[in-house]
There are 2 protein chains.
Amino acid sequence: MQGRFSTHLGVRPMDPIVRRLRSLAPLSDADVEIVRGLAERRERHAPGAQLVAEGGVSAGPRFMVSGWACRQRLMVDGRRQIFSFMLPGEGIGFARRPALAATVALTALETVDATPILEAVRRGATPALARALAAMECLEEALLLDHVARLGRLTAYERVAHFLLELQQRLEIAGLGDKQRFPLPLTQEILADALGLSIVHVNRTLQQLRRGGLIELRSGVAILLQPEALAKICDYRTTAVQPIKAA
Amino acid sequence: MQGRFSTHLGVRPMDPIVRRLRSLAPLSDADVEIVRGLAERRERHAPGAQLVAEGGVSAGPRFMVSGWACRQRLMVDGRRQIFSFMLPGEGIGFARRPALAATVALTALETVDATPILEAVRRGATPALARALAAMECLEEALLLDHVARLGRLTAYERVAHFLLELQQRLEIAGLGDKQRFPLPLTQEILADALGLSIVHVNRTLQQLRRGGLIELRSGVAILLQPEALAKICDYRTTAVQPIKAA
DNA sequence: CGCTTCTTTGACGAGCCTCAAACTGAGTGG
DNA sequence: CCACTCAGTTTGAGGCTCGTCAAAGAAGCG
């Protein structure tokens, strides 16, 4: 289904990665070629598969090619908190440290090994990609802080609006979806565990947004009918993506 | 007051920093000397002072010497979310990126410029300190994830317990406080803004913990009367501080 | 179809927030 | 030394937000 989607739209598999990196720093054709070269070592994962175990060392840097994943932690009594989502084009395991949370596939997904890029960067061969990776790390932290503020200081209604706006933006950058419409292959349980709510309350909040004519949701596709109104609801500010100047 | 405290206990100003780094990686005497050498360039800040502006570039790496600070963000309607606290011995602005949140002094505090250490590390002069700084960064992210889980999946009662246990541990490492007792110079408003609660509810939750004989709080000092019971309440797991192996 | 997973709905209660006001303690100045 | 102020804490009352329990629809899938 996902594969067909790509084919029909003429989206080549590495496009989300290229688009995303380009949004972080201007890349030369040579840089882009390095990225496209990654396509060789592709890896498939089934939904539910654990990409990185909590406490384990990450199996090298990778990019998401298709599908969704998340970082999460479980409590002894079964409660779950999702820390972040990984979308096509985004990186996994670039930080060389023990994983502080498990990374789990939420849908069927594909990744590519990004080791060649990291090596090229270490050789100093591609300062532009180095900047892009630095900006990527920075953006990840920004998203985590947004998540904290969302959980700590927004109501359920605001949280859902804020989260949808964030996804819209990230997916648009990757070339999936536009200003209003994007794929959303998440169950309400997953939304609940990310947003710190119960399933039931997520359901009711979504309906409230629907009844208000703000969003539409069906069969894995979200439509933001009034993005500006949504942004107003939750004081949404685009997490600025300023490319980092070389040191 | 704070100065007197240090003098009486015979705590030298750089001790918290040394202790904290030592908890992250074994340091040689030479390493410790480098750290103690920082004491020259000390800086004072009044409570409420902004150490780093949101969006601004951090004014170089620093260590907290005394006092407390926090990273926070304000919403347009005045709501505030505190992302993290900075305690004596901990670092500020080591990541070379635009600040994603403002850093604000919560009490009178002192910092030292850590640039010399960063330079020594870059020269490769001190691999042990390099490991300690890497572990420091890692630990910071771990704390942030803990914070997310706290806000998303713990009740008010659990949140407060969890937070107090975290502070106890961090302060003990810095040599301030012991297994049960530690300084807590935070108003209930600050606690509320960190834990995603209202002031009133923080107050009631603290009293619930007091009535349960779990904690004691007075004039800026917290006492955990039953640390194990507290840990049980909130599924508290020490955020393991495993020194990172050299690459 | 018949299963399972996911969504939706209702009823109810608890957790947490808001508003408001009293109380405490540490200055501060007359 | 005693008001007086101000920031912070505590208490009460009431209500909204959100969670839990339970069960009934939908929707995907073999």
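Throughout, a chain's letter reflects where its sequence line sits, starting with A, and its residues are numbered from 1. None of the values given here were measured: they were computed from a predicted structure.
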- Message: It should be established whether B:Gln188 places a side-chain nitrogen or oxygen under 4.0 Å from OP1 or OP2 of nucleotide D:dT10.
- Response: yes

- Could you tell me whether A:Arg210 contacts a base, only the sugar-phosphate backbone, or nothing, with contacts defined as non-hydrogen atoms closer than 4.0 Å? sugar-phosphate

- Message: Return whichever of B:Leu186 or A:Ile199 has its heavy-atom-nearest nucleotide of DNA chain D closer to the 5' end.
- Response: B:Leu186

- Message: Strictly below 4.0 Å, N to O, side chains only: are B:Glu172 and B:Lys179 in salt-bridge contact?
- Response: yes

- Tell me: CZ of A:Arg218 to P of D:dA27, nearest whole Å? 12 Å

- Task: Classify the nucleic acid contact of A:Ser198 as base, sugar-phosphate or nothing, counting any heavy atom under 4.0 Å across all strands shown.
- Result: base

- side-chain N/O B:Asn203 vs D:dT10 OP1/OP2, d < 4.0 Å: yes

- Item | Whole-Å gap separating P (D:dT17) and CD (A:Glu158) | 11 Å

- Round to the nearest Å and state the distance from B:Gln208 atom CD to D:dT10 atom P. 14 Å

- Under 4.0 Å between a Lys/Arg side-chain N and an Asp/Glu carboxylate O for B:Asp146 and A:Arg73? yes

- Task: Measure from CG on B:Leu154 to P on C:dC16 and round the result to the nearest Å.
- Result: 11 Å

- Rounded to whole angstrom units, what separation is found between the CG atom of B:Leu206 and the P atom of D:dG8? 15 Å

- For B:Gly220, report the nucleic acid contact type (base, sugar-phosphate, nothing); a contact means any heavy atom under 4.0 Å. nothing

- Query: Looking at the side chain of B:Val200, which of C:dT9, C:dC17, D:dT11 is the nearest nucleotide?
  - Reply: D:dT11

- Message: How many whole angstroms separate atom CG of B:Leu195 from atom C1' of C:dC17?
- Response: 15 Å

- B:Arg170 bridged to B:Glu166 by N-O distance under 4.0 Å: yes

- Nearest-nucleotide comparison on DNA chain C, the residue closer to the 5′ end among A:Thr187 and A:Arg153: A:Thr187

- Task: Could you tell me how the ring of A:Tyr236 sits relative to the ring of A:His162: parallel (under 30°), tilted (30 to 60°) or perpendicular (over 60°)?
- Result: perpendicular

- Task: Kindly indicate whether the side chain of B:Arg204 and the base of D:dG12 share any N or O donor-acceptor pair separated by less than 3.5 Å?
- Result: yes

- Message: What contact category does A:Arg159 fall into here, base, sugar-phosphate, or nothing, at under 4.0 angstrom with non-hydrogen atoms?
- Response: nothing

- Query: Just how far, in rounded Å, is P of C:dG15 from NE2 of A:His201?
  - Reply: 16 Å

- Quick one: B:Glu189 CD to D:dA7 C1', roughly how many Å, whole number? 10 Å

- Of all heavy-atom pairs linking A:Arg19 and A:Ile173, the shortest is NE-O, 3.1 Å

